[in-house]
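Protein chains get the first letters and strands the later ones, always in sequence-line order, with residue 1 at the start of each.
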Amino acid sequence: MVMALSTIIKSHQILYKSTKAIKLNSIFIVSYRNLFFSSYQQRPICTKHQNDNFLSSDQINISNAFISILIRQPFSPNNPELQNLVPLLTHKVVEAVVNNLRSWRIAHLFFTWASNQRGYKHDIYTYNAMASILSRARQNALLKALALDVVNSHCSMNPGALGFLIRCLGSVGLVDEANNLFDQVKRSGICIPNSYSYNCLLEALSKSGLIDLVEIRLKEMRSLGLELDKYTLTPVLQVYCNAGKFDKALSVFNEIFERGWLDEHVFSILVVSFSKWGEVDKAIELIDSMEECNVRLNEKTFFVLIHGFVRVSRMDKAICLFDKMRQLGFFPSVSLFDVMIGGLCKCNDLEKALSLYSEMKELGIGTDIGILTKLISSFSKGGELDRLLEECWEDMNSQTKNLLCNSVLEGLVRSGSIDIAYDLLQAIMGYSSNGDSVIVKYFRDEKEIITLNTNSFTFVINGLLDAGKLDLALTLFREMVQFGCNQTVLLYNNLIDGLCKLDRLEESYELLREMKEVGLEPTQFTHNCIFGCLCRREDVEGALDFLRKMRFYGHEPWVKHSTLLVKDLCKHGKAVEACKFLTDMVQEGFLPDIITYSAAMNGLIKIKSVDEGLELFQLICTRGYCPDVISYNIVIKALCKSQRVAEAEHLLNEMMLKGLVPSVVTYNYLIDGWCKNGEIDQAMLCLSKMFGKEREANVITYATLVDGLCNLGRPDDALKLWNEMGRKGCAPNRIAYHALINGLCKCEMVDGGNLPDPLDKNFLIIRDAICKLSEDARTSSSIKDLIAEGRIPDVSLDMHRPTI
DNA sequence: GTAGGGTTAG
């Protein structure tokens, strides 16, 4: 065998070159490892895996031979070199090869190839080696297949091996597979699971939150007389904690306690859960009792807990833990100070934040610019920035002061103190400023060391723009150049945007011209600010001209602007012009979208005719647009309003066939159409079909139907529906009340003296509606008129009105 | 340092 292998290995060029006249001994491994390190970045063989320790030198060499073939791409199962090695395939070799290939893909190809070789069959160790690699690579599908393979192969396994496989499955969430595999091997007698196997399964089930299964398995363990240990109960505790099952978690915790298994991990699970449940006090109590048990939280748990407390703004407890942590001898990191100071700033406990900052300095932790920035933005909010500066100014070198300057500017702007920011900038620029802020004084005294940069100006200019101080922003923009700061595209954009929003179009053009002159390329945003302004002005020709210029830059006009233009034109009765604009846009190569066309359709319908709207609808369909629910709604509405409900129904079917889900608006239009068409039954049928769907009927649906029913002289049904509306939890509004009272008046129920008995529920409804309408300023006068005319009763006289 | 525009009842 040694001879045969020697021949094979010698046939490999790589090995031959690197190993020269090699013998089958450990020298080969060393040189081979070097080879991989240098040229293949391969993990060295025979170091990481326990199993490798037991490999004979033959086995090592065979594994190496396989690997050297496998890492040469591409892998081919019919490679004669591989075939030559088949007689040497053993479980140990397969395991070593799989474990030492860097690529899980190649490992799996090899693993599959091996399973197809005559005379070779995987055992649980090769399966597990592969499973472990697949789980680390998160190859769930392959891992699932492997688990099935294990079961079907009936390969024997001990409880430990079963546990290992279960953990592989569990770690990638294949918990059903783990559970099934467990049962299958147990049932078939392949393996008799022991406590360890069960513990592995419990851990997997717990991680996936499967409480029921955890309970079943635990019971199973108890009934089998298996010994429970710490590792059995810990996942049980975890699953209860994660599910918020407070009592059960506590009872498991107590069992762990009674059995003397309490450790740091168990404590941490419960403490972290308490904090997640918001039971901050209980968490603290538990930490105290841990001390009695001589168990310490570790640093990571402290960190998690403090973070958690800060997140829910329980700074008192966070401070408590922070102190405790330090009492226990942990040295808080700068990131923990960051979290604590950040939390205190958020809660506006600036006093404490500042004192923590001092402590941090005393501990010799350097000034952190992130922490200072947090402090600065809070202190500037509280107007006490000077106190902070007093505290930290002396600790800062000129570089830090310089860095801090922009943070101060940013903090001031962000906290809304744009005036102070502006004063500060002016002071550093050497201009006199009106402001007398202490912050300004600090920096003004050291203005020589402060180098302003583009960011300094950007913060303040943007702040001024947000505050609506466009002209001040423009002045600063002009001045920044003298301080050697470059004007940027961002600044030009923001200023142009500001000008356009104020309809100062000429100045925008001026800035646009200027930015091009200084070699800054306008962006889509720049152009669209101006395009939007032209659209808002309803300047169709201007917009089209500008759009042609934009095309030169390859910039697309934002369709929201075109839509706005179309909508505004339609609003002013210029639907035809709107359509012309769209046609021109298309000719320029810019295609409107379905929303723009919907706006145009709606306009055409309003101003011209239903048919012209429909025509546009058909046209865009033939051009490949897919109308959405709203575009269908627009045409359905048009058809319903003009008594062409059958056509509307046809469109409803069409949209549903396309997979569109009609909205409540769609149904409301149709319901109104049917009501007006005298097809009230159809309308009521529609209502009944809307129940239980996502498109639940709303107050408009009911008001429409109430109106419809009253118009058909069915006041009793209208009142019935009104009751139903209340039962469904749909609150009536002013329009609905109006529809009811008006409707009832129309069918002479109210003024005809046919009111229900005052003790009747319907009477109360009517009275309530009249009250509501009387209370509303928009309807009170017309209600008064109706009362004066004697058409409806004056309910204000009714002093004994029971509440409904 | 980049959005959000089109459709309901009396």
Step by step, work out the side chain to side chain contact (heavy atoms under 4.5 Å, CB included) result for A:L472 and A:L476.
CA-CA 6 Å; A:L472 221 44; A:L476 211 47; over 6 Å; no
Chi angles and distances behind the side chain to side chain donor-acceptor pair (under 3.5 Å) call for A:Y632, A:K637:
CA-CA 8 Å; A:Y632 267 105; A:K637 170 186 72 171; over 6 Å; no
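Distances shorter than 4.0 Å separate none of the side-chain N or O atoms of A:K676 from OP1 or OP2 on B:dA9. Distances shown here put a side-chain N or O of A:K637 below 4.0 Å from the OP1 or OP2 atom of B:dT8.
For a distance-only test at 3.5 Å, the side chain of A:D628 qualifies as a donor-acceptor partner of the base of B:dG6. Looking at A:N528, its side chain has no donor and acceptor atom pair within 3.5 Å of the base of B:dA3. A donor-acceptor contact under 3.5 Å links the side chain of A:D593 to the base of B:dG5.
Of the candidates B:dG10, B:dG6, B:dT8, the closest approach to any side-chain atom of A:I735 belongs to B:dG10. In this structure, the nucleotide among B:dG6, B:dG10, B:dG1 sitting nearest to the side chain of A:L490 is B:dG1. For A:T523, taking side-chain heavy atoms from C-beta onward, the closest of the listed nucleotides B:dG6, B:dT2, B:dG5 is B:dT2. Taking the side chain of A:K567 as heavy atoms from C-beta on, and the options B:dT2, B:dT7, B:dA9, the nearest nucleotide is B:dT7. Which of B:dT7, B:dG4, B:dT8 sits closest to the side chain of A:N698 comes down to B:dT8. Listed nucleotides B:dG6, B:dG10, B:dG5 differ in distance to A:S598; the shortest reach to its side chain belongs to B:dG6. Distances from the side chain of A:W558 to the nucleotides B:dA3, B:dG6, B:dA9 place B:dA3 closest.
Spacing between atom CG of A:L639 and atom P of B:dT8 amounts to 14 Å, rounded to whole angstrom units. For A:H738 and B:dT8, the NE2 to P distance is 20 Å, given to the nearest whole Å. Rounded to whole Å, the distance from NZ on A:K641 to P on B:dT8 is 8 Å. Rounded to an integer number of Å, the gap from CG of A:D672 to P of B:dT7 is 17 Å. In this structure, A:L616 atom CG and B:dG6 atom P are separated by 17 Å, rounded to whole Å. Atoms CG (A:L652) and P (B:dT8) sit 17 Å apart, rounded to a whole Å. We find that CD1 of A:I496 is positioned 15 Å from C1' of B:dG1, with the value rounded to whole Å. Distance CD1 (A:I605) to C1' (B:dT8): 14 Å, rounded to an integer number of Å.
Between A:Y492 and A:F477, the ring planes lie perpendicular to each other; the angle is over 60°, past the 30° to 60° tilted range. Ring geometry for A:Y553 against A:H527 counts as tilted: the plane angle lies between 30° and 60°, on a 0 to 90° scale.
Nucleic acid contact for A:S562: none, since no nucleic acid atom lies under 4.0 Å from a heavy atom of the residue. Here A:T701 lies out of heavy-atom contact (under 4.0 Å) with every strand. At a threshold of 4.0 angstrom between heavy atoms, the contacts of A:N493 include nucleobase atoms, whether or not backbone atoms are also involved. Within the 4.0 angstrom heavy-atom criterion, base atoms lie near A:V559.
A:N455 and A:T458 are not linked by any side-chain donor-acceptor pair at a separation below 3.5 angstrom, with hydrogens and angles left out of the test.
Checked by atom type and distance alone, the side chain of A:S642 never pairs as donor or acceptor with a backbone atom of A:R644 at under 3.5 Å.
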